[in-house]
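We use all heavy atoms of the structure for the numbers below, so side chains are in, but hydrogens, waters and symmetry mates are not. All figures in this text were calculated on a predicted structure; none of them were measured in a lab.
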Amino acid sequence: MHVDKRVILVSIPITVLAIIVYMTIDSTTTIPSGNMNSNTDVIEDQLEYFRRTHSKEAILNSTIEGEPFPFDYTARISNHIILGKIKDFGGISERLTPNLILSLSSVTVEVERDLAGYYNDKEITFRTWPSELIGLMPGDRILVFIAREEKGELDPFQGDYFMVMGSVGVYKIVDGKAYGYYHDGIELEELMKMIDLARGERIKEITMKADYIVLGKISDIVPVSTDPDKPEADEYTITANITVDVEQELTNKYREKSITFLAYKDQMKCNIGDRCLVFLKHGYKYDEFKDRIAPYYYIHTYWSTDGYYKVIDGKAYGMEFRYGIDINELVKRIKEYRGVE
(Lines give C-alpha, C1' and ligand atoms only; values in the text may rest on other atoms or scores of the structure.)
Protein backbone atom coordinates (compact mmCIF):
# COMPACT_ATOMS: atom_id res chain seq x y z
CA MET A 1 0.00 0.00 0.00
CA HIS A 2 1.26 3.44 -0.90
CA VAL A 3 1.52 5.64 2.19
CA ASP A 4 2.35 9.34 2.06
CA LYS A 5 4.09 10.31 5.30
CA ARG A 6 2.33 13.66 5.16
CA VAL A 7 -1.05 11.94 5.39
CA ILE A 8 -3.71 13.68 7.45
CA LEU A 9 -6.88 11.68 8.02
CA VAL A 10 -9.85 13.90 7.38
CA SER A 11 -13.58 13.40 7.58
CA ILE A 12 -16.03 13.80 4.71
CA PRO A 13 -17.26 17.27 5.78
CA ILE A 14 -13.70 18.64 5.88
CA THR A 15 -12.89 17.25 2.45
CA VAL A 16 -16.09 18.61 0.94
CA LEU A 17 -15.42 21.99 2.52
CA ALA A 18 -11.89 22.00 1.09
CA ILE A 19 -13.22 21.28 -2.38
CA ILE A 20 -15.94 23.96 -2.11
CA VAL A 21 -13.43 26.57 -0.93
CA TYR A 22 -11.07 25.63 -3.73
CA MET A 23 -13.76 25.74 -6.42
CA THR A 24 -14.85 29.27 -5.43
CA ILE A 25 -11.42 30.81 -5.97
CA ASP A 26 -11.39 33.10 -9.02
CA SER A 27 -8.65 34.92 -10.86
CA THR A 28 -8.68 37.94 -8.55
CA THR A 29 -8.94 36.27 -5.16
CA THR A 30 -6.54 37.27 -2.39
CA ILE A 31 -4.83 34.06 -1.20
CA PRO A 32 -1.85 33.00 0.93
CA SER A 33 1.47 33.34 -0.82
CA GLY A 34 3.06 30.00 -1.67
CA ASN A 35 6.48 31.06 -0.46
CA MET A 36 5.18 32.12 2.95
CA ASN A 37 7.12 35.39 2.80
CA SER A 38 3.96 37.43 3.28
CA ASN A 39 0.57 36.66 4.72
CA THR A 40 -1.38 37.52 1.57
CA ASP A 41 -0.70 38.31 -2.03
CA VAL A 42 -2.94 39.06 -5.00
CA ILE A 43 -2.54 36.33 -7.60
CA GLU A 44 -3.48 37.58 -11.04
CA ASP A 45 -4.22 34.20 -12.60
CA GLN A 46 -4.55 30.52 -11.77
CA LEU A 47 -1.19 29.66 -13.34
CA GLU A 48 0.61 31.91 -10.88
CA TYR A 49 -1.44 30.41 -8.05
CA PHE A 50 -0.42 26.92 -9.17
CA ARG A 51 3.25 27.89 -9.46
CA ARG A 52 3.31 29.36 -5.97
CA THR A 53 1.77 26.27 -4.41
CA HIS A 54 3.72 23.67 -6.44
CA SER A 55 7.16 25.28 -6.56
CA LYS A 56 10.17 23.71 -4.87
CA GLU A 57 10.28 26.46 -2.29
CA ALA A 58 6.62 26.12 -1.35
CA ILE A 59 6.68 22.33 -1.12
CA LEU A 60 9.95 22.09 0.80
CA ASN A 61 8.73 24.74 3.23
CA SER A 62 5.62 22.67 3.93
CA THR A 63 7.34 19.37 4.78
CA ILE A 64 10.09 18.14 7.07
CA GLU A 65 10.91 15.18 4.85
CA GLY A 66 13.40 16.86 2.52
CA GLU A 67 13.65 16.55 -1.25
CA PRO A 68 11.21 14.23 -3.07
CA PHE A 69 12.55 11.52 -5.34
CA PRO A 70 14.18 12.79 -8.58
CA PHE A 71 12.21 13.47 -11.74
CA ASP A 72 13.63 10.54 -13.69
CA TYR A 73 12.67 8.21 -10.86
CA THR A 74 9.09 9.50 -10.84
CA ALA A 75 8.89 8.96 -14.60
CA ARG A 76 10.26 5.43 -14.29
CA ILE A 77 7.91 4.07 -11.64
CA SER A 78 4.62 5.52 -12.90
CA ASN A 79 2.09 3.14 -14.41
CA HIS A 80 0.71 5.92 -16.56
CA ILE A 81 1.85 9.43 -17.46
CA ILE A 82 -1.29 11.10 -18.67
CA LEU A 83 -1.46 14.21 -20.83
CA GLY A 84 -5.00 15.51 -20.89
CA LYS A 85 -7.63 17.98 -19.76
CA ILE A 86 -9.32 18.04 -16.35
CA LYS A 87 -13.01 17.19 -16.72
CA ASP A 88 -14.16 17.43 -13.12
CA PHE A 89 -13.37 16.90 -9.46
CA GLY A 90 -15.02 14.58 -6.98
CA GLY A 91 -14.39 12.76 -3.74
CA ILE A 92 -14.11 9.25 -2.38
CA SER A 93 -14.18 7.94 1.16
CA GLU A 94 -13.82 4.70 3.08
CA ARG A 95 -14.66 3.91 6.68
CA LEU A 96 -11.46 2.54 8.24
CA THR A 97 -12.98 2.01 11.68
CA PRO A 98 -16.46 2.71 13.12
CA ASN A 99 -15.26 6.18 14.13
CA LEU A 100 -12.72 7.00 11.40
CA ILE A 101 -13.36 7.84 7.75
CA LEU A 102 -10.59 8.41 5.22
CA SER A 103 -11.62 10.85 2.50
CA LEU A 104 -9.70 11.89 -0.59
CA SER A 105 -10.32 14.01 -3.66
CA SER A 106 -10.64 12.45 -7.10
CA VAL A 107 -9.91 13.96 -10.49
CA THR A 108 -11.28 12.82 -13.85
CA VAL A 109 -9.12 13.65 -16.86
CA GLU A 110 -9.98 13.47 -20.56
CA VAL A 111 -6.99 11.57 -21.94
CA GLU A 112 -5.04 12.88 -24.92
CA ARG A 113 -2.32 10.26 -24.58
CA ASP A 114 -0.46 8.12 -22.09
CA LEU A 115 3.28 8.72 -22.36
CA ALA A 116 3.82 5.30 -20.79
CA GLY A 117 1.85 3.83 -23.68
CA TYR A 118 -0.57 1.50 -21.88
CA TYR A 119 -3.75 3.45 -21.14
CA ASN A 120 -6.28 3.42 -23.96
CA ASP A 121 -9.54 4.66 -22.40
CA LYS A 122 -10.85 8.15 -23.12
CA GLU A 123 -10.92 9.14 -19.43
CA ILE A 124 -9.04 8.27 -16.26
CA THR A 125 -9.94 9.02 -12.64
CA PHE A 126 -7.27 9.16 -9.95
CA ARG A 127 -7.20 10.08 -6.28
CA THR A 128 -5.02 12.35 -4.22
CA TRP A 129 -5.16 14.65 -1.18
CA PRO A 130 -7.17 17.86 -1.65
CA SER A 131 -4.13 20.04 -0.90
CA GLU A 132 -2.34 18.64 -3.96
CA LEU A 133 -4.92 20.16 -6.33
CA ILE A 134 -4.59 23.84 -5.46
CA GLY A 135 -4.41 25.98 -8.60
CA LEU A 136 -6.08 23.40 -10.86
CA MET A 137 -9.51 23.91 -12.41
CA PRO A 138 -11.83 22.02 -14.78
CA GLY A 139 -10.60 22.66 -18.31
CA ASP A 140 -6.94 22.88 -17.30
CA ARG A 141 -4.52 20.85 -19.39
CA ILE A 142 -2.18 18.82 -17.22
CA LEU A 143 0.48 16.14 -17.33
CA VAL A 144 0.12 13.82 -14.34
CA PHE A 145 2.12 10.85 -13.08
CA ILE A 146 -0.16 8.02 -11.97
CA ALA A 147 0.32 4.62 -10.36
CA ARG A 148 -2.21 1.95 -9.50
CA GLU A 149 -2.56 0.72 -5.95
CA GLU A 150 -2.16 -3.02 -5.66
CA LYS A 151 -5.05 -4.81 -4.04
CA GLY A 152 -4.38 -5.76 -0.45
CA GLU A 153 -5.98 -6.08 2.94
CA LEU A 154 -4.55 -2.78 4.19
CA ASP A 155 -5.57 -0.76 1.14
CA PRO A 156 -8.92 1.00 1.70
CA PHE A 157 -9.10 1.99 -1.99
CA GLN A 158 -8.18 -1.31 -3.60
CA GLY A 159 -7.20 -1.11 -7.23
CA ASP A 160 -7.54 2.69 -7.45
CA TYR A 161 -5.26 4.97 -9.43
CA PHE A 162 -3.41 7.59 -7.40
CA MET A 163 -1.20 10.57 -8.23
CA VAL A 164 2.46 9.71 -7.66
CA MET A 165 4.49 11.90 -5.26
CA GLY A 166 1.65 14.23 -4.30
CA SER A 167 2.10 17.82 -5.51
CA VAL A 168 5.30 16.82 -7.26
CA GLY A 169 3.40 14.48 -9.58
CA VAL A 170 1.49 17.01 -11.67
CA TYR A 171 2.33 19.69 -14.25
CA LYS A 172 0.03 22.43 -15.48
CA ILE A 173 0.30 23.04 -19.23
CA VAL A 174 -0.20 26.58 -20.54
CA ASP A 175 0.65 27.76 -24.07
CA GLY A 176 2.81 24.72 -24.78
CA LYS A 177 4.86 25.04 -21.59
CA ALA A 178 4.78 22.83 -18.50
CA TYR A 179 4.91 24.18 -14.95
CA GLY A 180 5.63 22.01 -11.93
CA TYR A 181 8.01 21.12 -9.13
CA TYR A 182 10.91 19.81 -11.19
CA HIS A 183 10.63 22.26 -14.07
CA ASP A 184 9.01 25.69 -14.14
CA GLY A 185 8.06 26.74 -17.67
CA ILE A 186 9.81 24.01 -19.66
CA GLU A 187 8.62 23.36 -23.21
CA LEU A 188 6.16 20.47 -23.15
CA GLU A 189 7.95 18.70 -26.01
CA GLU A 190 11.24 18.90 -24.12
CA LEU A 191 9.61 17.51 -20.98
CA MET A 192 8.18 14.58 -22.93
CA LYS A 193 11.62 13.81 -24.36
CA MET A 194 13.03 13.72 -20.83
CA ILE A 195 10.29 11.30 -19.79
CA ASP A 196 11.05 9.01 -22.73
CA LEU A 197 14.74 9.01 -21.82
CA ALA A 198 14.05 8.22 -18.16
CA ARG A 199 11.68 5.37 -18.97
CA GLY A 200 14.12 3.99 -21.51
CA GLU A 201 16.57 3.44 -18.67
CA ARG A 202 14.24 1.63 -16.31
CA ILE A 203 16.02 -1.17 -14.40
CA LYS A 204 19.43 0.47 -14.88
CA GLU A 205 19.75 1.89 -11.36
CA ILE A 206 19.06 -1.37 -9.55
CA THR A 207 21.14 -3.30 -12.07
CA MET A 208 24.20 -1.24 -11.20
CA LYS A 209 23.55 -1.53 -7.43
CA ALA A 210 23.30 -5.34 -7.38
CA ASP A 211 26.21 -7.63 -6.51
CA TYR A 212 24.53 -10.60 -8.18
CA ILE A 213 21.55 -10.87 -10.54
CA VAL A 214 20.08 -14.35 -10.65
CA LEU A 215 17.49 -15.83 -12.99
CA GLY A 216 16.13 -19.17 -11.85
CA LYS A 217 13.40 -21.16 -10.17
CA ILE A 218 12.48 -20.92 -6.50
CA SER A 219 13.23 -24.30 -4.92
CA ASP A 220 12.82 -23.62 -1.20
CA ILE A 221 11.35 -21.07 1.19
CA VAL A 222 12.24 -21.41 4.88
CA PRO A 223 10.74 -18.83 7.28
CA VAL A 224 13.40 -17.38 9.58
CA SER A 225 12.94 -14.95 12.43
CA THR A 226 14.72 -11.62 12.66
CA ASP A 227 12.92 -10.74 15.88
CA PRO A 228 15.27 -10.87 18.90
CA ASP A 229 12.31 -11.54 21.17
CA LYS A 230 11.05 -14.45 19.05
CA PRO A 231 14.02 -16.40 17.71
CA GLU A 232 11.85 -19.23 16.39
CA ALA A 233 9.86 -18.65 13.21
CA ASP A 234 6.10 -19.02 13.40
CA GLU A 235 3.04 -18.39 11.24
CA TYR A 236 3.48 -14.63 11.62
CA THR A 237 7.12 -14.52 10.51
CA ILE A 238 7.48 -12.38 7.38
CA THR A 239 11.17 -13.03 6.56
CA ALA A 240 12.53 -16.19 4.98
CA ASN A 241 15.63 -17.74 3.50
CA ILE A 242 14.71 -18.31 -0.14
CA THR A 243 16.70 -20.62 -2.40
CA VAL A 244 16.89 -20.20 -6.17
CA ASP A 245 18.25 -22.84 -8.53
CA VAL A 246 20.45 -20.77 -10.85
CA GLU A 247 19.56 -20.73 -14.53
CA GLN A 248 21.70 -17.68 -15.31
CA GLU A 249 23.75 -15.31 -13.17
CA LEU A 250 23.91 -12.08 -15.14
CA THR A 251 27.02 -10.49 -13.59
CA ASN A 252 29.11 -13.60 -14.35
CA LYS A 253 30.45 -13.52 -10.77
CA TYR A 254 28.49 -16.31 -9.14
CA ARG A 255 29.31 -19.90 -10.14
CA GLU A 256 27.25 -22.09 -7.80
CA LYS A 257 24.15 -24.01 -8.89
CA SER A 258 21.92 -22.38 -6.29
CA ILE A 259 21.87 -19.32 -4.06
CA THR A 260 19.98 -18.60 -0.84
CA PHE A 261 19.02 -15.08 0.19
CA LEU A 262 16.97 -13.34 2.85
CA ALA A 263 13.71 -11.70 1.74
CA TYR A 264 10.31 -10.56 2.88
CA LYS A 265 8.45 -13.57 1.54
CA ASP A 266 5.01 -11.98 1.30
CA GLN A 267 6.30 -8.92 -0.50
CA MET A 268 8.14 -11.01 -3.08
CA LYS A 269 4.99 -12.93 -4.01
CA CYS A 270 7.09 -15.75 -5.43
CA ASN A 271 6.34 -19.33 -4.42
CA ILE A 272 8.21 -22.60 -4.76
CA GLY A 273 8.34 -23.50 -8.44
CA ASP A 274 8.05 -19.90 -9.67
CA ARG A 275 10.65 -18.57 -12.07
CA CYS A 276 12.09 -15.28 -10.82
CA LEU A 277 14.81 -12.76 -11.50
CA VAL A 278 16.35 -11.42 -8.28
CA PHE A 279 18.77 -8.55 -7.62
CA LEU A 280 20.97 -9.44 -4.64
CA LYS A 281 23.45 -7.81 -2.32
CA HIS A 282 26.23 -9.81 -0.68
CA GLY A 283 26.31 -9.48 3.09
CA TYR A 284 24.01 -9.88 6.04
CA LYS A 285 20.92 -7.71 6.11
CA TYR A 286 20.88 -8.11 9.90
CA ASP A 287 24.32 -8.82 11.35
CA GLU A 288 22.93 -9.86 14.73
CA PHE A 289 21.16 -12.86 13.14
CA LYS A 290 24.09 -14.29 11.16
CA ASP A 291 23.59 -17.67 12.75
CA ARG A 292 20.29 -18.23 10.99
CA ILE A 293 19.95 -15.97 7.95
CA ALA A 294 21.49 -16.22 4.47
CA PRO A 295 24.58 -14.11 3.60
CA TYR A 296 22.73 -12.46 0.71
CA TYR A 297 19.57 -10.34 0.58
CA TYR A 298 17.41 -9.00 -2.20
CA ILE A 299 17.37 -5.28 -2.85
CA HIS A 300 14.16 -3.82 -1.47
CA THR A 301 13.14 -0.19 -1.18
CA TYR A 302 9.75 1.30 -0.54
CA TRP A 303 9.18 3.22 -3.77
CA SER A 304 11.91 2.10 -6.10
CA THR A 305 12.09 -1.13 -8.04
CA ASP A 306 11.82 -4.03 -5.67
CA GLY A 307 14.65 -6.49 -6.16
CA TYR A 308 12.76 -9.18 -8.00
CA TYR A 309 10.77 -9.89 -11.15
CA LYS A 310 8.35 -12.77 -11.47
CA VAL A 311 8.49 -14.51 -14.84
CA ILE A 312 5.17 -15.73 -16.26
CA ASP A 313 4.86 -17.14 -19.80
CA GLY A 314 8.14 -15.58 -20.86
CA LYS A 315 7.40 -12.09 -19.49
CA ALA A 316 8.92 -10.52 -16.38
CA TYR A 317 6.70 -8.47 -14.07
CA GLY A 318 7.98 -6.04 -11.46
CA MET A 319 7.75 -2.47 -10.19
CA GLU A 320 9.36 -0.74 -13.17
CA PHE A 321 7.75 -3.03 -15.73
CA ARG A 322 4.31 -3.51 -14.20
CA TYR A 323 2.82 -4.55 -17.54
CA GLY A 324 5.60 -7.02 -18.21
CA ILE A 325 8.65 -7.19 -20.45
CA ASP A 326 9.97 -10.12 -22.45
CA ILE A 327 12.44 -11.85 -20.14
CA ASN A 328 15.03 -12.18 -22.92
CA GLU A 329 14.83 -8.44 -23.58
CA LEU A 330 15.22 -7.73 -19.86
CA VAL A 331 18.22 -10.04 -19.60
CA LYS A 332 19.76 -8.34 -22.65
CA ARG A 333 19.34 -4.88 -21.10
CA ILE A 334 20.85 -5.98 -17.80
CA LYS A 335 23.90 -7.47 -19.52
CA GLU A 336 24.38 -4.32 -21.56
CA TYR A 337 24.25 -2.13 -18.45
CA ARG A 338 26.76 -4.38 -16.67
CA GLY A 339 29.02 -4.76 -19.72
CA VAL A 340 28.62 -8.55 -19.71
CA GLU A 341 28.69 -10.68 -22.84
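The two residues Ala116 and Ile81 come nearest to each other via the heavy atoms CB-N, 4.1 Å. Residues Thr125 and Thr108 approach most closely at OG1-OG1, 2.8 Å, considering heavy atoms. Of all the heavy atoms in Ser93 and Ser103, the pair that sits closest is CB-OG, 3.3 Å. The shortest heavy-atom contact between Arg292 and Asn241 is O-ND2, 3.0 Å. A pairwise comparison of heavy atoms in Gly135 and Tyr49 identifies CA-CD2, 4.2 Å as the closest pair. Nearest heavy-atom pair, Ser131 versus Ser167, reported as atom, atom and distance to 0.1 Å: O-OG, 4.4 Å.
Under a cut-off of 6.0 angstrom, the local environment of CD in Glu232 is sparse, with at most 12 non-hydrogen atoms contributed by other residues, nucleotides or ligands. The neighbour count for Asp175 CG, taken as heavy atoms of other residues, nucleotides or ligands under 6.0 Å away, does not exceed 12. Atom CG of Asp313 has 12 or fewer heavy atoms from other residues, nucleotides or ligands within 6.0 Å. More than 12 heavy-atom neighbours from other residues, nucleotides or ligands sit within 6.0 angstrom of NZ on Lys310. By the 6.0 Å contact criterion, OH on Tyr323 is enclosed, its count of non-hydrogen atoms from other residues, nucleotides or ligands being greater than 12.
Here Asp88 contributes atom CG and Met137 contributes atom CE; the two are 12.5 Å apart, rounded to the nearest 0.5 Å. Rounding to the nearest 0.5 angstrom, the gap separating the OG atom in Ser106 from the CG atom in Leu133 is 9.0 Å. Taking CG of Asn79 as the start and CZ of Arg148 as the end, the distance is 8.5 Å to the nearest 0.5 Å. Rounded to the nearest 0.5 angstrom, Ile134 CD1 and Gln46 CD are separated by 10.5 Å. Note that CE of Met163 and CD1 of Ile82 are 13.5 Å apart. Values are rounded to the nearest 0.5 Å. Remark: Asp326 CG to Lys315 NZ distance equals 8.0 Å, nearest 0.5 Å.
Ring geometry, Tyr286 versus Phe289: the interplanar angle exceeds 60°, so the pair is classed perpendicular (tilted spans 30 to 60°). Using a 30° and 60° split on the angle between ring planes, Phe71 and Tyr171 fall in the perpendicular class, above 60°.
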- Query: Are Leu250 and Arg338 close enough, and set up right, to give a side-chain contact (heavy atoms from CB on, under 4.5 Å), and what steps lead you there?
  - Reply: CA-CA 8 Å; Leu250 304 182; Arg338 293 297 295 244; over 6 Å; no
- Message: Under the criterion side-chain contact (heavy atoms from CB on, under 4.5 Å), I'd like the reasoning laid out for Phe69 against Val164: C-alpha separation, chi angles, the key distance, then a yes or no.
- Response: CA-CA 11 Å; Phe69 288 102; Val164 175; over 6 Å; no
- Query: Should Phe279 and Ile203 be marked as a side-chain contact (heavy atoms from CB on, under 4.5 Å) after you check the CA-CA gap, both sets of side-chain angles, and the distance that decides it?
  - Reply: CA-CA 10 Å; Phe279 296 80; Ile203 214 71; 4.0 Å; yes
- I would like to know whether Lys269 and Tyr308 meet side-chain contact (heavy atoms from CB on, under 4.5 Å); could you show each step before the answer? CA-CA 10 Å; Lys269 299 178 183 177; Tyr308 83 99; 3.8 Å; yes
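Side chains of Leu188 and Met192 form a contact here, defined as non-hydrogen atoms less than 4.5 Å apart. Using a 4.5 Å heavy-atom cutoff, the side chains of Val311 and Leu330 are not in contact. When side chains are defined from C-beta on, Leu215 counts as touching Ile327, because their heavy atoms get closer than 4.5 Å. Proximity of Val170 to Thr128: side-chain heavy atoms (C-beta onward) are nowhere separated by under 4.5 Å. For the pair Val107 and Val144, the minimum side-chain heavy-atom distance is 4.5 Å or more. Counting heavy atoms from C-beta outward, Tyr73 and Met165 have side chains that approach closer than 4.5 Å. Residues Leu104 and Asp160 form no side-chain contact, since every pair of their non-hydrogen atoms from C-beta on lies 4.5 Å or further apart.
The closest side-chain donor-acceptor pair between Ser258 and Glu256, if any, does not fall under 3.5 angstrom.
Residues passing the ring-ring contact (aromatic ring centres under 6.0 Å, His included) test with Tyr284: none are found, sequence neighbours excluded. By the side chain to side chain contact (heavy atoms under 4.5 Å, CB included) test, Ile186 is found to be paired with Ala178, His183, Glu190, Leu191, Met194, residues two or more places apart in sequence or in another chain being considered.
Checked against the 6.0 Å centroid criterion, the rings of Tyr296 and Tyr212 qualify as a close aromatic pair.
Salt-bridge annotation for Lys253 and Asp211: absent, with no side-chain N of the basic residue lying under 4.0 Å from a carboxylate O of the acidic one. Contact check on Arg333 versus Glu336 returns no salt bridge, with no Lys/Arg side-chain nitrogen under 4.0 Å from an Asp/Glu carboxylate oxygen.
Put simply, the residue from Thr260, Val244, Ile272, Thr243 that forms a side chain to side chain contact (heavy atoms under 4.5 Å, CB included) with Ser219 is Thr243. Residue Glu247 is tested with Lys217, Arg275, Lys257 for a salt bridge (Lys or Arg N to Asp or Glu O under 4.0 Å); the sole match is Arg275.
A distance-only check finds no donor-acceptor pair linking the side chain of Asp72 to the backbone of Ala75 [under 3.5 Å]. Without hydrogens or angle criteria, Lys285 side chain to Phe261 main chain gives no donor-acceptor distance under 3.5 Å. Without hydrogens or angle criteria, Arg202 side chain to Arg199 main chain gives a donor-acceptor distance under 3.5 Å. A donor-acceptor pair is defined here as one N or O able to donate and one able to accept, closer than 3.5 Å; such a pair exists between the side chain of Glu249 and the backbone of Ile213. Checked by atom type and distance alone, the side chain of Lys209 never pairs as donor or acceptor with a backbone atom of Ile299 at under 3.5 Å.
No continuous path of hydrophobic side-chain contacts links Tyr317 to Val331 [ILVMFWY only; heavy atoms under 4.5 Å]. Grouping the Ile, Leu, Val, Met, Phe, Trp and Tyr side chains by contacts below 4.5 angstrom, directly or via other members, places Leu262 with Ile238.
Sorted by first and then second residue, the pairs that involve residues 110-124 and meet side chain to side chain donor-acceptor pair (under 3.5 Å), not counting sequence neighbours, are His80-Asp114, Lys87-Glu123, Glu112-Arg141.
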